[in-house]
Structure formats: structure tokens, C-alpha cells
Enquirer: 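Take a look at the following structure, please.
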Amino acid sequence: MNDRPEGAAGSGRAGADRRVRTGADVSASTTVRYALVPVSRLSLAAVARGSGLHPDLIRRFVALGLVDAERDAAGHLVFDATAPAVLARVQRLRSGLCLNYASIGLVLDLLDRISLLEAALRGRGTRSESPPWT
């Protein structure tokens, strides 16, 4: 009987054939996430009050995919706590750039993609010679 773990130096099996899972492998293979703190959800009426928009307009934004929403057990729309900020961003783009709602969706996607790329560059610690344009 051998007290050493399998793959240790001097044992019959080589350590090279054992896979070591890194943190990236573990997080990529895990699909279920549990919230440590219950996530507060906002009703349609609360989002409408917080953003100053009519509930029908918010429903239209949900249908266009500009704002993320889910349905509760009763079938009512529920929103994340960030929904009023997203709606304010949509309204700023609409009034400031005179864009239609379809193009606002495209602009929001591009702005989110730019933010992700800039965050990735900051994480690497690399800098370009020119200052960032945003």
C-alpha cells in the first residue's frame, strides 16, 4: 500500500497525464450560478416612475431589445435595478443624436463592445501611443 497520492514523484504513474483544472476551466464549465444576496427586481410601474417614461413605451423598448426584462410567475415584466439607467441612456441617444430606436440598439451594442475592448486593454496593461478616443 502506497501513502503517496497518485501522480506524485516516484509513483508508477507520471504526473503529466493528469489534468489540472485552472480557475478559467472551472468557471467556463460551471453554468449554474447562485446569488449570495437576493437580487431585487423592479416592476414595470417602478421602472416607469424611476425613468419618467410611459409604461407602453417601456414595453416597446423591451420588444425592440433595448432593455432586458423577464417575466415573473404572474406574467408581469420585471427588470434589473439597472433598467432606469439603461432607459436614460436610450433617451439621451434619442434626443442628443436624433436616432431612431433601431439604430439606438446598434449604437448601444457598439458602445458596449468598445467598453469591453477598452477594459481588456486596461487589464493587459498595454498602452498605445495615442490617447484613447473615447
Side-chain angles (χ1 to χ4, degrees):
M1 184 143 109
N2 191 353
D3 290 336
R4 283 188 270 185
E6 190 174 357
S11 67
R13 292 180 53 134
D17 64 344
R18 292 185 54 172
R19 292 190 71 196
V20 176
R21 295 180 71 171
T22 62
D25 293 338
V26 172
S27 65
S29 66
T30 306
T31 57
V32 178
R33 293 182 181 217
Y34 298 100
L36 298 176
V37 177
V39 178
S40 63
R41 298 288 187 178
L42 300 174
S43 67
L44 179 61
V47 171
R49 273 192 311 273
S51 63
L53 298 175
H54 195 275
D56 289 338
L57 183 59
I58 296 172
R59 283 189 196 100
R60 184 170 296 156
F61 288 162
V62 170
L64 290 171
L66 298 176
V67 180
D68 293 330
E70 297 175 0
R71 299 236 177 231
D72 62 1
H76 301 289
L77 289 173
V78 290
F79 298 87
D80 289 333
T82 60
V86 172
L87 289 169
R89 189 177 187 194
V90 168
Q91 289 301 102
R92 280 193 311 271
L93 288 171
R94 173 84 171 155
S95 63
L97 299 177
C98 299
L99 299 173
N100 62 16
Y101 292 125
S103 60
I104 287 175
L106 177 64
V107 169
L108 288 174
D109 289 342
L110 291 173
L111 289 173
D112 290 341
R113 178 72 178 152
I114 288 169
S115 295
L116 288 173
L117 291 172
E118 286 178 343
L121 283 176
R122 270 189 236 106
R124 282 192 203 156
T126 59
R127 283 193 150 234
S128 63
E129 281 85 40
S130 62
W133 60 275
T134 56

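The structure displayed is predicted, hence computed values, not measured ones. Worth knowing before you read on, the calculation uses all heavy atoms, side chains too, and leaves out hydrogens, waters and symmetry mates.
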Enquirer: Applying the 4.5 Å side-chain criterion to the ILVMFWY set and letting contacts propagate, would I114 and L93 be lumped into a single cluster?
Expert: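 Looking at the clustering, L93 is in a separate group from I114.
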
Enquirer: Please assess V86 against F61 for the test side chain to side chain contact (heavy atoms under 4.5 Å, CB included), listing each intermediate value before the final yes or no.
Expert: CA-CA 10 Å; V86 172; F61 288 162; over 6 Å; no

Enquirer: I need the R113 CZ to L108 CG distance, nearest 0.5 Å.
Expert: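 Interatomic distance, R113 CZ to L108 CG, rounded to 0.5 Å: 15.5 Å.
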
Enquirer: How long is the gap from CG on D72 to CZ on R41, to the nearest 0.5 Å?
Expert: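 Answer rounded to 0.5 Å: 10.5 Å.
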
Enquirer: Please determine whether the number of non-hydrogen atoms from other residues, nucleotides or ligands lying under 6.0 Å from atom CG of D109 exceeds 12.
Expert: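 Correct, the count exceeds 12.
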
Enquirer: On a heavy-atom basis, which atom in L42 and which in D80 lie closest, and how many Å separate them?
Expert: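 In terms of heavy atoms, the two residues are closest at CD1-O, 3.7 Å.
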
Enquirer: Identify the heavy atoms of F79 and I58 that sit nearest to each other, and give their distance.
Expert: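 In terms of heavy atoms, the two residues are closest at CZ-CG2, 3.7 Å.
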
Enquirer: Please give me the minimum heavy-atom distance between S51 and L87, naming the atom from each residue.
Expert: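 Scanning both residues completely, I find the closest heavy atoms to be OG-CD1, 3.8 Å.
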
Enquirer: Could you give the distance from CG (L106) to CG (N100), rounded to the nearest 0.5 Å?
Expert: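 That separation rounds to 10.0 Å.
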
Enquirer: Output the distance between atom CG (L110) and atom OG (S115), rounded to the nearest 0.5 Å.
Expert: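 Rounded to the nearest 0.5 Å, the CG-OG separation comes out at 11.0 Å.
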
Enquirer: How far apart are the C-alpha atoms of L64 and R60, what are their side-chain angles, what is the distance that settles it, and do they pass the side chain to side chain contact (heavy atoms under 4.5 Å, CB included) test?
Expert: CA-CA 6 Å; L64 290 171; R60 184 170 296 156; 4.2 Å; yes

Enquirer: Establish whether V62 and V78 are linked, either directly or via other cluster members, by ILVMFWY side-chain heavy-atom contacts under 4.5 Å.
Expert: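 No, no single cluster joins them.
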
Enquirer: Once you round to the nearest 0.5 Å, how far does CG of L116 lie from CG of L121?
Expert: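 Nearest 0.5 Å value for the CG-CG distance: 11.5 Å.
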
Enquirer: Strictly distance-based, threshold 3.5 Å: is any side-chain N or O of R94 a donor or acceptor partner for the main-chain N or O of L99?
Expert: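 Confirmed, R94 side chain pairs with L99 backbone.
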
Enquirer: Quick check: do L44 and H76 have side-chain heavy atoms less than 4.5 Å from each other?
Expert: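 Counting from C-beta outward, L44 and H76 never come under 4.5 Å.
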
Enquirer: Just how far is it from atom CD1 of I104 to atom CZ of R92, taken to the nearest 0.5 Å?
Expert: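 One gets 11.5 Å once the value is rounded to the nearest 0.5 Å.
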
